[in-house]
Amino acid sequence: MTLTIDINCDMGESFGAYTLGMDEMVIRHISSANIACGFHAGDPQVMRKTVQLALKHGVAVGAHPGFPDLAGFGRRNMQCSLEEIQDYVTYQVGALQAFCRAEGGWLHHVKPHGALYNMAAKNPDMVQAIARAIHALDPELPLVVLAGPNAEALRAAAAEEGVQVILEAFPDRAYDADGALRSRNLPGAVIHDTALAAARALSMVQQGMIEAHDGSKVAMQVRSLCVHGDNPNTVALAATIRERLEAAGVTIAAA
């Protein structure tokens with residue numbers, strides 16, 4: 001059986017005069033892009049240009065909504081009501097939908113960013129609020145969620161609102177034994193070694209598992225692999241992961 005996997009990257013995270021990421025270089029190695037929507041990063045001009053870049057390269061466009069935390073890059077937990085979260089997602093996804101339509105494309109998926117993503121990975125009620133916002137905008141849009149032990153609960157929560165999920169894993173991030181991403185405040189949370197990240201990606205795709213930081217094995221069925229756009233080795237990571245997967249007979253395509 002031929003395996004197919006998506007490689008996605010968080011993009012469009014520059015803001016005003018500040019440039020973050022190497023979007024024009026990494027776009028060649030991925031199959032889908034998660035574009036910041038202005039809350040944690042990005043601005044209208046960056047959003048438009050990143051949508052244009054993705055469409056030019058035949059890369060699927062996803063919305064990357066986060067908490068309204070520009071100073072903290074959306075990585076700080078915020079105590080928000082479910083109604084607030086639903087409105088934040090509606091606002092951001094709707095904005096990126098507009099840019100997609102203006103550029104002659106369409107939105108392919110939604111992937112929450114940073115703290116919103118990590119908090120929702122442990123809270124099905126938050127997933128349901130996010131899915132409710134997505135379904136109201138386009139019931140065909142899938143929601144990207146964290147693969148691992150809690151995946152079925154997240155899938156069920158999204159299904160309550162009529163939204164399908166795409167299970168995702170991170171070859172460039174360390175995992176805890178419970179399947180959660182290791183906190184960025186702890187050593188070894190981000191993996192910069194391209195060969196190691198590629199080997200982890202292959203294990204995720206072929207064996208459905210990953211080795212946690214403590215050496216234990218975490219089972220996960222994945223459809224998409226993420227490479228972080230703000231990792232200084234992003235381009236090399238994406239290129240090496242893609243080369244290793246394709247050499248093993250894995251097809252790279254948007255989920």
Side-chain angles (χ1 to χ4, degrees), residues 7-11 13 20-21 34 36-37 39-42 62 64-80 82 84-85 88-89 110-127 129-130 143-154 157 165-201 203-204 208-222 224-234 236-238 241:
I7 299 177
N8 75 75
C9 184
D10 305 337
M11 309 185 83
E13 294 178 324
L20 180 66
N34 317 305
C37 303
F39 268 28
H40 79 277
H64 200 35
F67 282 129
D69 178 27
L70 194 60
F73 199 65
R75 287 181 174 154
R76 298 183 293 192
N77 289 2
M78 295 183 67
Q79 300 307 313
C80 302
L82 296 179
E84 287 175 313
I85 289 171
Y88 292 156
V89 173
V110 176
K111 174 188 168 181
H113 165 80
L116 179 61
Y117 180 98
N118 290 327
M119 291 174 71
K122 299 177 180 179
N123 188 334
D125 288 341
M126 286 182 64
V127 170
I130 294 167
L143 170 64
V144 179
V145 299
L146 184 65
N150 206 32
E152 286 310 309
L154 305 182
V165 302
I166 296 171
L167 298 179
E168 173 189 49
F170 297 81
D172 67 348
R173 288 293 309 279
Y175 280 77
D176 290 329
D178 64 355
L181 294 173
R182 185 168 173 81
S183 170
R184 287 176 176 269
N185 295 323
L186 297 175
V190 180
I191 295 169
H192 301 286
D193 186 315
T194 57
L196 175 59
R200 290 168 67 82
S203 175
M204 291 169 173
M209 59 80 79
I210 190 65
E211 183 175 307
H213 188 74
D214 66 357
S216 62
K217 307 296 183 183
V218 179
M220 56 179 63
Q221 297 300 317
V222 302
S224 187
L225 299 175
C226 177
V227 177
H228 283 88
D230 63 329
N231 188 319
N233 285 355
T234 297
L237 283 166
I241 288 170

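Hydrogens, waters and symmetry mates are skipped; everything else that's a heavy atom, side chains included, is used. Keep in mind that this is a model prediction, so the values were computed, not measured.
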Q | Test log, rule side-chain contact (heavy atoms from CB on, under 4.5 Å), inputs F39 and Y88 | A | CA-CA 9 Å; F39 268 28; Y88 292 156; 3.7 Å; yes

**Q.** Derivation of the side-chain contact (heavy atoms from CB on, under 4.5 Å) call for Q221 and M204
**A.** CA-CA 7 Å; Q221 297 300 317; M204 291 169 173; over 6 Å; no

Q: Report the C-alpha distance between V145 and L167 in whole Å, list the side-chain angles of each, state the deciding distance to 0.1 Å, and finish with yes or no for side-chain contact (heavy atoms from CB on, under 4.5 Å).
A: CA-CA 5 Å; V145 299; L167 298 179; 3.6 Å; yes

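Of all heavy-atom pairs spanning L154 and L146, the tightest one is CD1-O, 3.9 Å. What you find for F73 and A41 is that their closest heavy atoms are CE1-CB, 3.7 Å. Across A198 and I241, no two heavy atoms sit closer than the pair CA-CG1, 3.8 Å. Across every non-hydrogen atom of I130 and P112, the tightest pair is CD1-CG, 4.1 Å. Taking each heavy atom of Y175 and A169 in turn, the nearest pair found is OH-CA, 3.4 Å. Heavy atoms only, all atoms of each residue included: I191 and L237 are closest at O-CD1, 4.1 Å.
Residues that satisfy the side chain to side chain contact (heavy atoms under 4.5 Å, CB included) test with A219, not counting sequence neighbours, are absent from this structure. Evaluation of the side-chain hydrogen bond (donor to acceptor under 3.5 Å, both in side chains) rule for D69 yields R76 as partners, not counting sequence neighbours. In this structure D10 satisfies the salt bridge (Lys or Arg N to Asp or Glu O under 4.0 Å) test together with K111, sequence neighbours excluded. The ring pair (Phe, Tyr, Trp, His ring centres under 6.0 Å) test applied to Y117 returns F170, not counting sequence neighbours. Take R75 and apply the side-chain hydrogen bond (donor to acceptor under 3.5 Å, both in side chains) test, not counting sequence neighbours, and it matches D230. Residues satisfying the side-chain hydrogen bond (donor to acceptor under 3.5 Å, both in side chains) test with E152, not counting sequence neighbours, are R155. A search for side-chain hydrogen bond (donor to acceptor under 3.5 Å, both in side chains) contacts involving T234 returns nothing, not counting sequence neighbours. Looking at residues two or more places apart in sequence or on another chain, you find a side chain to side chain contact (heavy atoms under 4.5 Å, CB included) between N118 and L181. P149 is linked by a side chain to side chain contact (heavy atoms under 4.5 Å, CB included) to V218, counting only residues two or more places apart in sequence or in another chain.
A distance of 6.0 Å separates CG of L116 from CD1 of I85, quoted to the nearest 0.5 Å. Taken to the nearest 0.5 Å, the SG atom of C226 stands 10.5 Å off from the CD1 atom of I7. Taking CE of M220 as the start and OG of S203 as the end, the distance is 9.0 Å to the nearest 0.5 Å. In this structure, R173 CZ and H213 NE2 are separated by 12.0 Å, a value rounded to the nearest 0.5 Å.
The shortest side-chain heavy-atom distance between L225 and E168 does not fall under the 4.5 Å cut-off. Taking the side chain as every heavy atom from C-beta outward, H40 and H64 approach each other to under 4.5 Å. Within the 4.5 Å cutoff, the side chain of V127 has heavy atoms near those of the L143 side chain. Side-chain contact between N34 and M11 is absent, with no heavy-atom pair separated by less than 4.5 Å. With contacts defined as side-chain heavy-atom distances shorter than 4.5 Å, the pair H113/E13 qualifies.
Remark: side-chain polar atoms of N233 are paired, donor with acceptor, to backbone N or O of H192 under 3.5 angstrom.
Sorted by first and then second residue, the salt bridge (charged side-chain N to carboxylate O under 4.0 Å, His left out) pairs involving residues 178-189 (not counting sequence neighbours) are D176-R182. Within the structure, salt bridge (charged side-chain N to carboxylate O under 4.0 Å, His left out) pairs that include any residue of residues 210-219 comprise E211-K217 (at least two apart or interchain). Residue pairs meeting the salt bridge (charged side-chain N to carboxylate O under 4.0 Å, His left out) criterion with at least one member in residues 112-124, sequence neighbours excluded, do not occur.
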